[in-house]
Amino acid sequence: MGSLKTDQDLKVSNEAILFVNGVRRVLPDGLAHLTLLEYLRDIGLTGTKLGCGEGGCGACTVMVSHYDRKLRKCSHYAINACLAPLYSVEGMHVITVEGLGSCKRGLHPIQESLARAHGSQCGFCTPGFVMSMYALLRSSQTPPSEEQIEECLAGNLCRCTGYRPILDAFRVFAKTSDILYTGVSSLSLQEGGKSVCPSTGKPCSCNLNNANDKCVVGDNRYQPTSYNEIDGTEYTEKELIFPPELLLRMPTTLNLTGFGGLMWYRPLTLQHVLDLKAKYPDAKLIVGNTEVGIEMRLKRMQYRVLISAMHVPELNFMDAKDDGLEIGAAVRLSDLLNFFRKVVTERAAHETSSCKAFIEQLKWFAGTQIRNAASVGGNICTASPISDLNPLWMAARGRFRIIDAKGNIRTVLAENFFLGYRKVDLASDEILLSIFLPWNRCFEYVKEFKQSHRRDDDIAIVNAGIRVHLQEHRENWVVSDASIFYGGVAPYSLPATKTKEFLIGKIWGQDLLQNAFKVLQKDILLKEDAPGGMVEFRKSLTLSFFFKFFLWVSHQMDGIKERIPLSHLSAVHSDHRPPVTGSQDYEIMKHGTSVGSPEVHLSARLQVTGEAEYADDTPMPPNGLHAALVLSRKPHARIHTIDDSGAVSSPGFVGLFLAKDVPGDNKIGPVVADEDLYAVECVTCVGQVIGVVVADTHENAKTAARKVHVEYEELPAVLSIQDAVKARSFHHNTEKWLSKGDVDHCFQSGQCDRIIEGEVQIGGQEHFYLEPHSSLVWTMDGGNEVHMISSTQAPQKHQKYVSHVLGLPMSKVVCKTKRIGGGFGGKETRSAFIAAAASVPSYLLNRPVKITLDRDVDMMITGQRHSFLGKYKVGFTNEGRVLALDLEIYNNGGNSLDLSLAVLERAMFHSDNVYEIPNMRIVGRVCFTNLPSNTAFRGFGGPQGMLITENWIHRVAMELNMSPEKIREINFQGEGSILHYGQNLQYCTLAPLWNELKLSCDFAKAREEVDQFNGHNRWRKRGIALVPTKFGISFTTKLMNQAGALVHVYTDGTVLVTHGGVEMGQGLHTKVAQVAASAFNIPLSSVFISETSTDKVPNSSPTAASASSDMYGAAVLDACEQIMARMEPIASQHNFNSFAELAMACYAERIDLSAHGFYITPDIGFDWKTGKGKPFRYFTYGAAYAEVEIDTLTGDFHTRVANIILDLGYSLNPAIDVGQIEGAFMQGLGWAALEELKWGDGAHEWVPPGCLYTCGPGAYKIPSLNDVPLKFNVSLLKGHPNVKAIHSSKAAGEPPFFLASAVFFAIKDAIRAARVEMGLNDWFPLDNPATPERIRMACLDEISSSFVNSDFHPKLSV
């Protein structure tokens, strides 16, 4: 164990130790390959989650504390446990979510606040948020500001909540006055020598100068604690202290090993580092492992020797000297940022122009957890072509000091250090020692630039560092020196050398700007097929950044002759983002003890403490195996041979299972059995399952699976809807028609004053549930039964698939689901084939098998929201009334049918949105492509159908020069409207809802203010939009509209409910429990729902279509009413003091206190032969107003305001419903404006054919906390009960999703304002997602017109 190094001058460690949640743990040798996350989960601390494995989601956040001997204090900071090598935290104290509080011993205030504020839905991301906030409070000497809180959460993603309730929960810790907590002002506390506790943000009397840096705990740590929102004195502090042993323990060198011959060294001196580098020239120096970790895990790079430079003093210093700053190469980026912030306050303003540029760039550099781990030297030496910092080091005249193994030091200019793609000027025996950054001179200006897909925690598309030094010469300002460096336009950070040479000696003014543009265009050249695509956008950014720099410098200068027009200053104003504010407006209509009450999610307390269990948290049984899939690497090919020899000799390998090994039927599918469980002769997409490998560990299984060699004969592939339409490649029997009136006659008769035709392309969307697919399968009774625990929305489908492929009756297969970490439709059908694939080895070997997909594999193989192509022809009058719509729609089904036909059908049903169109004809087809099968996703085709409609509504408005809102109102449906599929609208609340929204946002005034802003700002534009929605509630397949439930009443008066629905964060169990509590007139705490299981409630439909609360609530109510009816005779004979007494009396009378409830949705049905019927039980109506602001030079945007109103009848739980609305809106905002899937297709030829480029949070960007509207208001329509569902409520899961298109159309409104300024008044297409590329290239101006014309259309995978 530990180091065996014998150097006398270095203290040698006998054992490597680590404290976890106050418990001392000895780390044995041989674990260098493990991450901290793997270790924590192996020792049973499963609160820390694996979400992505690349530091991009924050689910694995933990707090690390170590004692800084130089500063003589403890440092506390958050890191990503999925990237941190286990041995990198040796000698430190790691605190996980389990170390804060638990349901048994009491919650920490952070946990309590988050639970009460409804800040946890599926709960998978929750521990990460808790730990990020906890680390901030532990590291803050005073309560943090709201801005600091938002900044510390930038590295945490949530897919459920929409972030607003999380911010609200944590905002209480930013209070600047303590009087709210204690009734004592902070002033009087200071007089008493007290201070604010860094852990809780509350006043306390702990001594902050104490070496422990924390309040002492004592032995009563595990006593329950109480917490009250107002009176913080009730929370008895029980923080974990920094272990005294670690205070006394001197750091030691480490020499440890890992799997596959990996060697881990931790030197304590620079000389030891140099000796190791001389001995192992190919060794990798690491600090945070944020790059090397990803290279080793995701890019499969093999490094044999890792040297941790974290504890080397000569590499960990920061020094402000007379001529500049010197920074050690191992300094962490968060320390660098704090150092720059300190320096800026201490030095003359002109000296720190470079420092200010670094501060701004670092603010948007990754998330807090990455900045807390990554080092400045690591970032430099990685030499990424899109490094945010390297262009700045180069522009700011930085110098790098390099030392070799013999101690020789040389200095190289930063601009000469980068030699090529990830190549730097370092010999194999050299390391980067330090970085020198000179102070700036008077009239020397340095500025940073960056544009990415998402503002927070995102890699750059293009970035830049630009510097200019001006000197006065004969009343003119002349450029005496300059440097311009770009990232994202070449294999390394590229100097604009010709432009620099041109600038020097020129007078600073408009002539210089115009001529510099011409030189710059020739200086920065990008080929059409450049990796990363977006060539025109990237070219335009290079000019936009220089233009912004010119304006910024001119604005900074006082004696400049040519003043900048005020309207141009909008290009240089830095964004100061105010804290998010929100309101939730609803009425509480209580029914009985619980229904209608805004109760907290029943699992919230378990989720905030990390105690809630998910599929992958299930302990592995003895003898258990791990599975990994063998996947196709070709989009369409014939399989020639499968060679498993490499896998068989791989460590830990147990078996490879192929189609020939399937005991039952290899053909599977949710509707049509058109998929192979394991590919037989051909593969029809990249990522198709060919076989499954099982091994003793997850890593060994993956390694062995990669060693299975498959020989292919490639065949032609269809990779887009356009390809499919050309090739007539459609799934069988998927052509559908709907019609109303006579479309042809209307077009030909002259009734239409105008007719328009066009196309709408709609991009797909990844579900990005935080919990990847996971199943644990085991046999019982010698293989006679098969049981599984799965992360799925449809346990019954798992039961069905597994019984089918194993040849067992369904009665012998049981699937259980406790909860899932988000689903959104992605775990409705596509989870079943994964469980089925793992069930084969489990059944044949008679051993438990667990399969958990890595994030990249999950994204690549499990399907997404369907991309769509819509071709429309619309006839309308000059007054704006729409008379006819002829629509063809295609969706991209992928390589199997899955649910694509039902998705297409719902898109066709929703193709009117809320508009009365007398004549309609819709033809739909499902395209067969060689991509993984697409599947259900929140909205299930409805949003795509409605977005096509709103696109042509916008076009009608532009044709008539009217506002889109006016066109919408003219064409609204109303009570009694007959829809194009024959259903009659009843209880239509569209008009009152729309009017209330217009009133709340004062639309006319908002329009006036936006126009005024746009008139005064040339380079920033605002836009607004109002968008309505109508969403049909029911499964469109009639047989699925049924639900069962089982209710048991126990003699102590408590109730156990089991039903067929799955809890995935949407609060289904909470609402159903409320229904049961009200039915029995008992408190909610007396009702418990444990899990969903196919052996309790059979034949359940998937938890989908927003209908689960309606159906399972009604089924539970039916069961409760049966029991109440049996109890009634006993209840009427006596006055019982409690329900428990009544239950006991009934038991004594031998009355059955268990009942099975059942519900079928009445009065629905649709006949596709006639195209008429009533597919939906009722409709949920909603509308949203959005205001956005865009930067026309870069395409950056933010949502200033979002007001949402929904008609949810009398809500079963308004707090949960508001959470659903906010979460759906933010997910919809991702679909509308952020999340772009890039496939290897004709639009992205730099990606291998059929491969998904955006297969992880590094490349695929879901909304982060920074994307939340600055004002986020949600209200529920009052006074409109829904007579068609349980307790007058309405479904809330899917309807709000489409309302985020208000942001999309507000962006379009802002772009239009920019185009009008250029004299462009015509209609222009804008595909979703409206990414910065699409926004920028649509805002045609003097810069972008150098590269594109007015009808340029950026590429999109559809």
Side-chain angles (χ1 to χ4, degrees), residues 602-603 612-615 618 775-781 784-803 808-820 823 827-828 831-832 835 839 1039-1052 1054-1064 1066-1077 1079-1080 1086-1104 1107-1123 1126 1143 1152-1160:
L602 287 182
S603 294
E613 290 183 4
Y614 300 81
T618 311
S775 280
L776 172 63
V777 188
W778 69 97
T779 57
M780 293 180 70
D781 254 4
N784 189 44
E785 296 173 47
V786 175
H787 287 236
M788 74 194 99
I789 291 170
S790 292
S791 178
T792 177
Q793 293 170 241
Q796 186 261 351
K797 276 203 166 57
H798 279 226
Q799 178 194 27
K800 190 175 178 180
Y801 273 42
V802 169
S803 72
L808 290 174
M810 286 176 71
S811 55
K812 291 187 176 184
V813 179
V814 177
C815 180
K816 295 174 186 277
T817 300
K818 186 86 174 170
R819 63 175 61 80
I820 67 174
K827 294 176 181 173
E828 184 176 339
S831 57
S839 72
L1039 64 86
M1040 296 174 77
N1041 293 284
Q1042 57 177 300
L1046 192 58
V1047 176
H1048 302 318
V1049 175
Y1050 293 94
T1051 54
D1052 64 351
T1054 60
V1055 176
L1056 176 66
V1057 174
T1058 308
H1059 59 86
V1062 171
E1063 176 57 59
M1064 49 191 173
Q1066 83 283 41
L1068 174 62
H1069 283 357
T1070 307
K1071 286 182 172 180
V1072 167
Q1074 285 177 272
V1075 169
F1080 289 125
S1086 294
V1087 182
F1088 180 59
I1089 301 178
S1090 174
E1091 64 185 3
T1092 308
S1093 182
T1094 56
D1095 62 352
K1096 304 292 189 301
V1097 178
N1099 311 322
S1100 299
S1101 295
T1103 304
S1108 299
S1109 295
D1110 289 0
M1111 297 199 318
Y1112 294 111
V1116 167
L1117 184 60
D1118 175 41
C1120 295
E1121 285 173 346
Q1122 290 175 45
I1123 295 171
R1126 295 175 206 153
D1152 183 6
L1153 295 179
S1154 175
H1156 173 256
F1158 192 67
Y1159 174 77
I1160 57 169

Is there side-chain contact between [X] and [Y], with heavy atoms separated by less than 4.5 Å?
X       : Y       : answer
Ser1093 : Val814  : yes
Met1040 : Pro1102 : yes
Arg1126 : Leu1153 : no
Ser791  : Arg819  : no
Lys812  : Asn784  : yes

Please confirm whether the backbone N or O of [Y] pairs with a side-chain atom of [X], one donor and one acceptor, at under 3.5 Å?
X       : Y       : value
Thr817  : Ser790  : yes
Gln1122 : Ala1155 : no
Gln796  : Ala794  : no
Ser803  : Gln799  : yes
Glu828  : Gln793  : no

Carefully, step by step, assess Leu1117 and Tyr1159 under the rule side-chain contact (heavy atoms from CB on, under 4.5 Å). CA-CA 9 Å; Leu1117 184 60; Tyr1159 174 77; over 6 Å; no

Between [atom1] on residue [X] and [atom2] on residue [Y], distance to nearest 0.5 Å:
X       : Y       : atom1 : atom2 : value
Lys1096 : His1156 : NZ    : NE2   : 13.0 Å
Leu602  : Lys1071 : CG    : NZ    : 12.5 Å
Leu1039 : Ser1101 : CG    : OG    : 7.0 Å
Lys816  : Ile789  : NZ    : CD1   : 8.0 Å
Lys818  : Ser1090 : NZ    : OG    : 3.5 Å
Ser1108 : His1059 : OG    : NE2   : 8.5 Å

Where do [X] and [Y] come nearest, in terms of heavy atoms and distance?
X       : Y       : result
Cys1120 : Ala1079 : CB-CB, 3.6 Å
Leu1046 : Ser1154 : CD1-OG, 4.3 Å
Leu1068 : Thr1103 : CD2-CG2, 4.0 Å
Lys827  : Thr792  : O-OG1, 3.2 Å
Ser775  : Ala835  : OG-CB, 3.5 Å
Gly1044 : Val1097 : O-CG1, 3.4 Å

Among Val1072, Thr1092, Val1075, Val1062, which residue meets the side chain to side chain contact (heavy atoms under 4.5 Å, CB included) test with Tyr1112? Val1072

Would you check, one step at a time, whether the test side-chain contact (heavy atoms from CB on, under 4.5 Å) holds for Tyr1050 with Leu1056? CA-CA 8 Å; Tyr1050 293 94; Leu1056 176 66; 3.5 Å; yes

